[in-house]
Structures are given as C-alpha cells and as structure tokens.
Amino acid sequence: MADWWMHRRTRIEETAGVKETLILPHCPQGVGGAPTLMMTEVGIPIALTLRYEVNPLLRSLQPGATAAHEATALWEVRTAVGSDREVKPVERHIHGFLESLPFGGLTVLMCLHADQVKSLLRGGRGDPDAWRLVPRRRPLSRGYLAGIGVAIGACVLLPYGEELWRCVRARRRDKKRFTSDEAHFRATEGR
C-alpha cells in the first residue's frame, strides 16, 4: 500500500515516460507495469507453496522467481529514477523493504524444510516426488486461503488496479490531446 501511495502521490500516470512503458507494454505510461510483473513473479511461487508440498521442484522455483523479482525491481527503480517522476528517499526505502520480503520468505522456507533443501542439493535422488507438484498432505483450510485472498485483493489488486485504471484514463486523454493537436497542426500548416 505504501508503494502504491507513493506512486499516486507523485502522479505516476502523468510523469512516467516511454522507458517505463517497456516494463509492461500495454500501459504506455508505465503505470502498474512493474508492480504487476513483480507481484506475478512472487505470487506464482507463493500460490504453489500454499497448495503443494515443498519439495526440490518448489525449492528450485522459489529462488528463480526471487531472482527475477530482484531484477525487475532494479529495472523499475532505474526506470522511475530516469523518468520525470520524483522518487524520494522514502519511496526508495519502501522499495528496499519490498525487495527483502522474497528473501525473508526463502529463508523461512529453507529453515522449515531443511530436508527438502538437502534433497535439492542431492538433485532429488531417491525421492520419486522431488520434481513434480504434489498436493499438500494437510491442505490449508478454505477459510485460511480465503483470508489470504481477501488480503491480496484489498492490499494488492485494488490499489494497483486503481493505478492501472488511472493509466488507461491518462492514455486515452493523451491520445485525444495528441489527435487534436495533430489536426490543429495540419489545419494551420495548410494556410
């Protein structure tokens, strides 16, 4: 929520440039791009971990997703700093905190599933289920999963959905403005 608030406060939909567009091509102003990509990079491994047993397959996917998340985070900050948008120290600290969360999650999972870390280091030898998704033996309750879903909806999907909506709205406004300016230029050029 803090990152979304900083984006909103700096009017990211009006200040981010073409460089940020590259993070998520369907959003020309770049709004919602990096957060959407980064949340997907960590969301998929989290969803798999909530539904399936932790094994060498998941233990190898999780660090890969964390590395992708870190690379995207660096790209996002570099793009934001290179745009017209002011990125204040507090926003950089927020980003630093958000970047640390996947590493914290990895560490906790490594401690809780040390046996699977050892299995991964052995290449999963001797474990027929090492490299396939195995449903949890004790599934998490529907209420627990629903609570996680509500929290994600309220703290992630709603704010960044609103940010994406602002992006689309700004894009339409800018497109109309460009079309109007272009028509005016052509009309005055003919004189």
Side-chain angles (χ1 to χ4, degrees), residues 1-4 6-7 19-27 30 32-81 87 91-161 163-164:
M1 294 293 293
D3 188 42
W4 166 80
M6 296 305 294
H7 290 181
K19 288 181 182 178
E20 203 159 346
T21 302
L22 299 174
I23 295 171
L24 189 66
H26 81 266
C27 189
T36 304
L37 180 58
M38 288 189 291
M39 288 175 205
T40 301
E41 290 165 348
V42 295
I44 290 172
I46 289 171
L48 291 172
T49 303
L50 290 171
R51 301 291 300 187
Y52 298 98
E53 289 291 331
V54 174
N55 61 13
L57 173 62
L58 286 185
R59 289 301 312 134
S60 61
L61 291 174
Q62 293 156 345
T66 298
H69 179 270
E70 185 65 17
T72 305
L74 291 169
W75 183 18
E76 180 204 21
V77 171
R78 189 169 140 192
T79 301
V81 169
V87 182
E91 183 174 356
R92 291 179 191 206
H93 283 285
I94 291 166
H95 284 212
F97 173 73
L98 292 172
E99 290 170 30
S100 72
L101 294 176
F103 292 105
L106 281 176
T107 303
V108 168
L109 282 171
M110 289 174 72
C111 291
L112 292 174
H113 299 281
D115 59 325
Q116 295 304 319
V117 173
K118 290 176 188 173
S119 179
L120 174 62
L121 294 173
R122 291 190 310 267
R125 285 189 290 268
D127 183 358
D129 294 332
W131 300 105
R132 63 185 197 95
L133 292 175
V134 178
R136 283 178 162 268
R137 290 184 225 357
R138 294 184 327 193
L140 299 172
S141 73
R142 288 184 182 181
Y144 184 83
L145 293 173
I148 291 172
V150 168
I152 290 170
C155 297
V156 177
L157 298 178
L158 282 176
Y160 285 107
E163 190 171 290
L164 184 59

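Since we're looking at a predicted model, the values are computed, not measured.
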Counting neighbours of CZ on R51 that are heavy atoms of other residues, nucleotides or ligands and sit closer than 6.0 Å, is the number greater than 12?
no
Strictly distance-based, threshold 3.5 Å: is any side-chain N or O of [X] a donor or acceptor partner for the main-chain N or O of [Y]?
X: R136; Y: V54; value: no
X: N55; Y: V134; value: no
X: E99; Y: E70; value: no

At their closest point, which heavy atom of [X] faces which heavy atom of [Y], and how far apart are they?
X: P45; Y: T40; answer: CD-O, 4.3 Å
X: T72; Y: E41; answer: OG1-OE2, 2.7 Å
X: S60; Y: W131; answer: OG-CZ3, 3.6 Å
X: G153; Y: P159; answer: O-CD, 4.3 Å
X: P56; Y: S119; answer: CG-OG, 3.3 Å

Between atom [atom1] of [X] and atom [atom2] of [Y], what is the distance when rounded to the nearest 0.5 Å?
X: H69; Y: L101; atom1: NE2; atom2: CG; answer: 8.0 Å
X: Q62; Y: L57; atom1: CD; atom2: CG; answer: 9.0 Å
X: L50; Y: I148; atom1: CG; atom2: CD1; answer: 4.5 Å
X: T66; Y: L61; atom1: OG1; atom2: CG; answer: 10.5 Å

Go through the steps for D115 and K118 under the test salt bridge (charged side-chain N to carboxylate O under 4.0 Å, His left out), then give the verdict.
CA-CA 5 Å; D115 59 325; K118 290 176 188 173; over 6 Å; no
Pairwise side-chain contact, [X] with [Y], heavy-atom cut-off 4.5 Å (strictly under):
X: L133; Y: L58; value: yes
X: M6; Y: I94; value: yes
X: R59; Y: T49; value: no
X: D127; Y: Q116; value: yes

